[in-house]
Enquirer: 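Submitted below is the structure of interest, expressed as structure tokens.
Below, chains carry the letters A, B, ... as their sequence lines are ordered, and counting in each starts from 1. Because only heavy atoms are used, hydrogens play no part in the values below, and waters and symmetry mates are left out as well, while side chains stay in.
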2 protein chains.
Amino acid sequence: MDDKKIRNMEEFAAVSGISRPTLSKFFNDPSSVRASTRQRIEAALDRYDYRPNLYAINQNRRLTKNIGIIVPYLADPFFAEIARNIEEHILSTGYRPVLLGSHGSPDQEIENLENLRLLKPAGVLLAPLGRASDQARIAAFCEEVPTVLFDANVGSAGLAFVGSNNDQSIDLIVDYLCRTGEPPAFFEMKEPSNPNAYKRRHAYLAAMERLNHTPHLIQAAGEGWEFEEIGFREGTRVVRDRNLPTDTILCSNDRLAIGFLSAAYEAGIRVGLGTDCTMRVAGHDDHPFSRYTCPTLTTVSQDYEAIARKSAETLMNLIEAEKPADSREETLFDGRLVMRGSA
Amino acid sequence: MDDKKIRNMEEFAAVSGISRPTLSKFFNDPSSVRASTRQRIEAALDRYDYRPNLYAINQNRRLTKNIGIIVPYLADPFFAEIARNIEEHILSTGYRPVLLGSHGSPDQEIENLENLRLLKPAGVLLAPLGRASDQARIAAFCEEVPTVLFDANVGSAGLAFVGSNNDQSIDLIVDYLCRTGEPPAFFEMKEPSNPNAYKRRHAYLAAMERLNHTPHLIQAAGEGWEFEEIGFREGTRVVRDRNLPTDTILCSNDRLAIGFLSAAYEAGIRVGLGTDCTMRVAGHDDHPFSRYTCPTLTTVSQDYEAIARKSAETLMNLIEAEKPADSREETLFDGRLVMRGSA
DNA sequence: CCTCAAACTTTACGCGCGTAAAAAATAAAT
DNA sequence: ATTTATTTTTTACGCGCGTAAAGTTTGAGG
């Protein structure tokens, strides 16, 4: 490695013996130059460490190779995990992922979109906050930048949507719970931040009706994204009052369930399937921590990997197709029952 | 809001009646122009929505207003939370945070550094993987870019270090445990990824010696960042073998403790302080999930907010001082005992 | 060896903004 | 009103690269 410093492509052209326009082609797409030329460039490239100036590259491009990824809450391992998967897919296609978290705040979400706009991204993968989102501004953004929504819909904004089939997954777990014990009550937030929560509530109601059982909603007060806290607080109340018509609780998501299980434990209630247990609890999502709850949490998995892959692929296709997309594609993945100790 | 689209600063100069160089000054620092001028610009700014092209701005600057933030593992709520705090501090100083996670991989960590280098950041806040890190390349990077390390040190790379006082915090919890029951054994990974783990091990050994107790290390096999999994696996083994010289386990970090507690629960061991309990477990970090374990986890808190604030402030000072920094500052924050149910 | 398309080189311009220098305008102070 | 310091305008160049156009070289196929 020569340590002579290369300042720009011109200088690199000089030392490598390749003309600047050809180098430019190479850096945009190494396979666009003849194999022998490519080898010469790559040989020079590991003698002198030169990389084109990112800002100069992107200044002229109308679109960059950036792909924005926005999730509502990075401290939630669920989203962190999905984001990680998406990042990998993006990287494998030669694009550059730019990950932003909205910290549960609609303002931050809009701020993130504004910042992304400055990056002139080729496309954006957006998991919106949901009900709290500024729908109009998100829709406006989607008009400007090719955007695929995932996890949650915002009206019909975006070129496509990828998410979970809440009807199917809730059906699955309600069926299971009814088959193996008392029909479940549904534990959720009264005013959930996430639109999936509404879908799950309706799916629960429909499933219970289908099975000829009386549905029962337990709705926790509270706002924001501290779901465990809310689950714990309301769980404590529910357990104290003991006026449930059933011993089985289906939580709208695993994070609520984590809080609920903690509350039950603190109250001395044994949760699970054993003979000494007086309650069953199930969740939804197969959150990374759900296998370490006490007892381990029975839940319905969301197919992280599939959602991540499909979202990324859909966006890449839309970007590379370049045509205005004939229709808005919605893809829903089925959940899978994950049987553990809690129900 | 006029909807006439402004393409560049020239056009905005035309419609606002302000010359382009003055506008340029304004966008770099609004307080650098006369108040009356500033008002005229801001008035124009909300009639026409124009924002300078990010790439053109940064092309000429030797340094940008970007601040890189790298953490070893974004799916760990501990790091997600610290990163969030840092982001806020950065934003409040008018810089732009760029958050990257290394996914527990040394290659990804280097990749992140390389990518950051292209962004010509004014500075970088780096929480390195630790032992797995490529020390030489990190040191080289720190030579080029003003970098403050936090959470973990890598040799003496970087202009400053901000972290926790492991000696103090381990002392604190060992003292507490000894005072209230049997002296603890120390549960850790045999070959931990994190250098803090070594500090904690030594702090444990020293504390036990100081109190005239025989130390006892329980070292779990396993690599990577799936700490809960490792804690669960080894916890299951420990509980099964039942050849511990003590009923008290101090875990090197909360994530190990979360796995351990789960294992104890599965094995039917009651953990905590009650008369029916046969084991005590404590952790370290005050991980966001540690208040929802069963029982809730007694631990030592790391001062997230202080570490985040101090790291960000230190870096900003170094950037704005512009002088080559006379000495490498190390700041360690004390831990605070968080008494919950498990010990 | 010749032909010809593909790949490369040469030349030149433009992107949007930073920024320097000199001239002009403004505001503050005498 | 005049001087003076400050701010703004005018003018002009440069950053590093994308990219178009025209000319030249390369190498595969006949």
Side-chain angles (χ1 to χ4, degrees), chain A residues 4-45 48-66 94-96 117-122, chain B residues 4-45 48-66 94 96 115 117-122:
Chain A
K4 180 184 176 185
K5 270 162 202 157
I6 308 294
R7 309 194 155 277
N8 53 37
M9 204 179 275
E10 204 94 40
E11 287 188 22
F12 186 66
V15 298
S16 65
I18 307 282
S19 73
R20 197 173 67 72
T22 302
L23 288 175
S24 181
K25 275 193 74 178
F26 168 84
F27 284 114
N28 279 324
D29 177 6
S31 70
S32 68
V33 302
R34 198 188 293 149
S36 60
T37 313
R38 181 171 170 179
Q39 285 179 358
R40 285 171 60 200
I41 296 175
E42 281 166 350
L45 218 40
Y48 309 89
D49 100 301
Y50 161 74
R51 298 182 65 172
N53 180 307
L54 201 63
Y55 298 108
I57 289 176
N58 288 333
Q59 171 156 17
N60 300 319
R61 283 199 203 298
R62 207 177 58 77
L63 290 185
T64 67
K65 289 266 181 181
N66 294 329
Y95 283 75
R96 233 177 67 83
R117 211 161 56 109
L118 294 182
L119 295 180
K120 298 193 282 187
Chain B
K4 181 184 174 185
K5 270 163 202 156
I6 309 292
R7 309 192 156 280
N8 53 37
M9 204 179 275
E10 203 96 39
E11 287 188 21
F12 186 65
V15 298
S16 65
I18 306 282
S19 74
R20 195 173 69 69
T22 302
L23 288 176
S24 180
K25 273 193 75 179
F26 168 84
F27 284 114
N28 279 326
D29 177 7
S31 70
S32 68
V33 302
R34 198 188 294 151
S36 60
T37 313
R38 180 171 170 178
Q39 285 177 359
R40 287 171 59 203
I41 297 175
E42 280 166 350
L45 219 40
Y48 308 88
D49 101 302
Y50 162 74
R51 298 182 66 173
N53 180 306
L54 200 63
Y55 298 107
I57 290 176
N58 288 332
Q59 170 156 18
N60 299 319
R61 281 199 205 297
R62 206 176 58 78
L63 290 184
T64 67
K65 290 264 181 183
N66 294 327
R96 233 176 69 82
N115 285 332
R117 211 160 57 108
L118 294 183
L119 295 181
K120 297 193 282 188

Enquirer: Applying side-chain contact (heavy atoms from CB on, under 4.5 Å), can you list everything that pairs with Asn60(B), at least two apart in sequence or on another chain?
Expert: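 For Asn60(B) there are no side-chain contact (heavy atoms from CB on, under 4.5 Å) partners, ignoring immediate neighbours.
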
Enquirer: Who pairs with Asn28(B) by side-chain hydrogen bond (donor to acceptor under 3.5 Å, both in side chains), at least two apart in sequence or on another chain?
Expert: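 Checked Asn28(B) against side-chain hydrogen bond (donor to acceptor under 3.5 Å, both in side chains); matches are Arg61(B).
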
Enquirer: List the residues meeting ring pair (Phe, Tyr, Trp, His ring centres under 6.0 Å) with Phe12(B), not counting sequence neighbours, and say none if there are none.
Expert: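 Ring pair (Phe, Tyr, Trp, His ring centres under 6.0 Å) check on Phe12(B) returns Tyr50(B).
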
Enquirer: Kindly write out the residues that satisfy side-chain hydrogen bond (donor to acceptor under 3.5 Å, both in side chains) with Ser32(B), not counting sequence neighbours, or none if the list is empty.
Expert: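 Applying side-chain hydrogen bond (donor to acceptor under 3.5 Å, both in side chains) to Ser32(B) gives none.
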
Enquirer: Output all residues satisfying side-chain contact (heavy atoms from CB on, under 4.5 Å) with Arg51(B), sequence neighbours left out; order by chain, then residue number.
Expert: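 Arg51(B): side-chain contact (heavy atoms from CB on, under 4.5 Å) contacts with Glu114(A), Asn115(A), Leu118(A).
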
Enquirer: What's the shortest heavy-atom distance between Leu54(A) and Leu119(B), and which atoms?
Expert: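 Smallest heavy-atom distance, with atoms named: CD2-CD2, 3.5 Å.
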
Enquirer: End-to-end bend of the helix from dC1(C)-dG30(D) to dT30(C)-dA1(D) (five-pair axes, 10° rounding)?
Expert: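 Rounded value for the end-axis angle: 0°.
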
Enquirer: By the salt bridge (Lys or Arg N to Asp or Glu O under 4.0 Å) test, which pairs, at least two apart or in different chains, include something from residues 10-32 of chain A?
Expert: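 As it turns out, the salt bridge (Lys or Arg N to Asp or Glu O under 4.0 Å) pairs with a partner in residues 10-32 of chain A, which skip direct neighbours, are Glu10(A)-Arg20(A).
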
Enquirer: Heavy atoms only: give me the nearest Leu63(A)-Pro121(A) pair and the separation to one decimal.
Expert: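 Scanning both residues, the minimum pair turns out to be CD2-O, 3.6 Å.
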
Enquirer: Spell out protein contact along nucleotides 24-30 of chain D as letters: B when the base is contacted, S when just the sugar-phosphate is, - when no protein heavy atom is under 4.0 Å; keep the 5' to 3' order.
Expert: --S----

Enquirer: Which pair of non-hydrogen atoms, one from Gln59(B) and one from Ala56(A), has the smallest distance, and what is that distance?
Expert: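 Taking Gln59(B) first and Ala56(A) second, the nearest heavy atoms are NE2-CB, 3.4 Å.
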
Enquirer: So if I take residues 17-33 of chain B and measure heavy-atom distances to DNA chain D, which residues fall below 4.0 Å?
Expert: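 Of all residues in residues 17-33 of chain B, the ones placing a heavy atom under 4.0 Å from DNA chain D are Gly17(B), Ile18(B), Ser19(B), Arg20(B), Pro21(B), Thr22(B), Val33(B).
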
Enquirer: Table please: side-chain donor-acceptor pairs of residues 36-44 of chain A below 3.5 Å, with sequence neighbours left out.
Expert:
residue, atom, partner, partner atom, Å
Arg38(A), NE, Glu42(A), OE2, 3.3
Arg40(A), NH2, Gly17(A), O, 3.1

Enquirer: Could you work out, with side-chain contact (heavy atoms from CB on, under 4.5 Å) as the rule, every residue matching Lys120(A), not counting sequence neighbours?
Expert: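 For Lys120(A) the side-chain contact (heavy atoms from CB on, under 4.5 Å) partners, ignoring immediate neighbours, are Thr64(A), Asn53(B), Tyr55(B).
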
Enquirer: Assign Phe12(B) to base, sugar-phosphate, or nothing according to its heavy-atom contacts below 4.0 angstrom with the strands shown.
Expert: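 Answer is nothing: Phe12(B) stays at 4.0 Å or more from every strand.
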
Enquirer: 5' to 3' on DNA chain C, which nucleotides open and close the contacts with chain B (atom under 4.0 Å from a heavy atom)?
Expert: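 Range of nucleotides within reach of chain B: dG16(C) to dA27(C).
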
